[in-house]
Structure formats: C-alpha cells, structure tokens
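What you see is a predicted model; the values in this text were computed from it and never measured.
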Amino acid sequence: LWRPLYLFDGGFWLSFGAVLAILLVLPAFQDFAFQGIWASVSINLVLLPILLYYFFEFPLYSFLLNLFVIPLMSVLLFLGMAGSGIYVVCMPIAKILMKICGVILWIYKKGCNIAIRLPASRIVTGRPQLWQIAVYYVVLCMVLLLLWKKSNRCKVLAAALLGMAVFVLGFRWGEDGKLMTTILDVGQGDGIFIKGPDGGTYLIDGGSSDVKKIGQYRIEPFLKSQGVSNLDYVIVTHGDSDHMNGIEELIDRKKIGVTIDTLVLPVQEVWGEELVALAERAKKEGIRVVVIAPGQEIMEEELTLTCLQPGEAEEGLETGN
C-alpha cells in the first residue's frame, strides 16, 4: 500500500512468490522423498509465470542450481554481515570471511556457466497473456488439492493437469498462419522484424547511433518477448553502425541471447571495412554468411522477400541510402 508501483516490479513478485511457494506449495509434497528437490520444484512452479512475463524464458536447470544456491545463500549472508561487522575490530578474520564469500559466489558463477552449456538450458516462450497466467494458477491450485488427497490416482491426475497448465502458459495462441511485421523503436537507426506465416523469423538491420547497447537492451528483449530464440535470417542492408551495431551484439551474446542461422549481406562490391569485419565475426561464431543480389529472393511457403538493390555497379550509391 505504501509503494503500489512494486506491483509492476518483477523482483517484488519473485521475492514474495518464492516465500509463498515455501509456505503453501511445499507442504503438498511433504510425503515425497528428497525434500530439497521438491522445495526447488515448488518455488519454480509458483515463479514460472512470473519469469515468463518479465524475462520471457525459463532456465530449465534452475531447480538443480537452487539445490546449492538456496542453502549457501544463508551462509553467504551470515558471513558477509559478520565480516562487515568485525572489519574494523579484527581485519584478518574479516578478510577470511570475505574470502569464503568470494568462494561461494565463484561456485554460483561456475554452476551457472555449466548449466548454460547444457542442451535446452533456456526455453524461450515469450510473454504470456494475462488469461494464460490466470489459467495456470487456477490449475496449480487444483493440482495442490489433488496432492493433498495422497492417492496415486490423484497424483497421476495432478501431473496431467500440471502438464496441461504449462502447455497453455507457454503456447503462443493465435499466431499460426499470420504475417507479423514490427518496426522497432531503436532511436536514430533502423530495425525491422518479420515473422512469416509459417514461422520464419527475419531481422532487417538492427542498430542505433543514439541508444547504447541497442542489441542487448532493446532488440533482444523484444525478440524474446515474441518467443523468438533463433533468427532464421538477419539481413544487413549496408555497413553504417546505426544499421548493424545491434546485430554485432546479438552475435557476441548468442550463448545467452538470440542465435542467428544466416547472415545476409549485399554484394561484396559495396562492402566497406565494417561489413568485412561483421562477416568475419559471424563466420567465427559459426553463422552462415551469404550475399544477396538484386532479383534474388528469400522464400518460405507463403512469404517472399525480394532484394531490390544494390547491384555490382550502382551509380550514385552512397553509404546510408
């Protein structure tokens, strides 16, 4: 009531959602073995819609990471507070405590680095609609009621209902067979996203001269919010930074961001140093690099993208046009 805007803050919902999960959901699994695992599962069940709404993806192995993250968090907070409190009185002991904190943080970082390399470490579903979130939580309540009955038949039914709820939450309803074109707000620059009726994904340019880290903080979040974790084609019209610096960021962040299958560039006769460097960077990261000339097309079932220019010897062609 004091700060109502917290209702729009993801951190608020994550913090209170985790506590709510421990209080209300975990007791439903009290008869199950390995309570540490079920504590993590309970938290993830409650936080799943919140994660998808604010971050558009779910880290599949987070419940395993929480097995050592949550217990060590208490140790980390205690040692950090103790080390800070006795720093003036006994600096050597305080430094030892802080060293232990550093080791715990290193374990956290190492665990996350290992998890991100595993198959399907990130499941990008996009932002669910509010009705999807409501359906999920209603079904989750039904699941908990079934688990309290402690019969095997109820447990099987609960698992089936939970699977249905997750499907409803993660599925993008009403998009099949539709063409979607979005002009991205990138400030001084250009960025156009196209999603074909058969699901093909295309980004035409992506850069800005007045918005910093446009790829990380504007293009990538938008793509993830649409459920896009991979771009089939990224088309760069020319080598000005306000058309391609965001694409450079996407290439560099492919492990934790959006991957690219094919980078499409104009004919090599109009390349400058910037496009040469971009092509080399993409090839180094395992991205296929092709050129497209006037009249050539990129096609899927019901969509055709046709290249108009530039050709090999376009008179009056200037960079930026």
Inset, instruction - Could you tell me how the ring of Tyr108 sits relative to the ring of Phe68: parallel (under 30°), tilted (30 to 60°) or perpendicular (over 60°)? - result: tilted
Legend entry - Inter-residue atom distance Leu162.CG - Leu45.CG, 0.5 Å rounding: 5.5 Å
Legend entry - Residues which pass side chain to side chain donor-acceptor pair (under 3.5 Å) with Arg117, listed by chain and number, not counting sequence neighbours: none
Inset, instruction - Determine, for Lys213 against Glu249, whether the closest basic-nitrogen to carboxylate-oxygen distance falls under 4.0 angstrom. - result: no
Legend entry - Donor-acceptor under 3.5 Å (Trp173 side chain, Val168 main chain): yes
Legend entry - Flag for Asn44-Ser62: side-chain donor and acceptor within less than 3.5 Å: yes
Legend entry - Ring-ring centroid check Phe193 Tyr202, cutoff 6.0 Å: no
Inset, instruction - Quickly, which of Ile287, Leu231, Val290 forms a side chain to side chain contact (heavy atoms under 4.5 Å, CB included) with Leu263? Name it, please. - result: Ile287
Legend entry - Hphob cluster co-occupancy, Leu203 + Leu303, side-chain heavy atoms under 4.5 angstrom: no
Legend entry - Arg127 charged N/C atom sitting above Phe56 aromatic ring, 6.0 Å / 45°: no
Inset, instruction - Give a yes/no verdict on a cation-pi contact between Lys155 and Phe32, requiring under 6.0 Å between NZ or CZ and the six-membered ring centre and an angle within 45° of the axis. - result: yes
Legend entry - Residues Arg172, Glu175: salt bridge by 4.0 Å N-O rule: yes
Legend entry - Partner set under salt bridge (Lys or Arg N to Asp or Glu O under 4.0 Å) for Arg288, not counting sequence neighbours: none
Legend entry - same_hphob_cluster(Tyr87, Ile100) at 4.5 Å side-chain heavy-atom cutoff: no
Legend entry - Residues Lys224, Glu220: salt bridge by 4.0 Å N-O rule: yes
For residues 4-17, dump all side-chain donor-acceptor pairs below 3.5 Å to protein atoms at least two apart in sequence or in another chain.
unit_1 : atom_1 : unit_2 : atom_2 : d
Tyr6   : OH     : Arg3   : NH1    : 3.4
Asp9   : OD2    : Gly11  : N      : 3.1
Asp9   : OD2    : Phe12  : N      : 3.0
Trp13  : NE1    : Leu7   : O      : 2.7
Ser15  : OG     : Gly11  : O      : 3.0

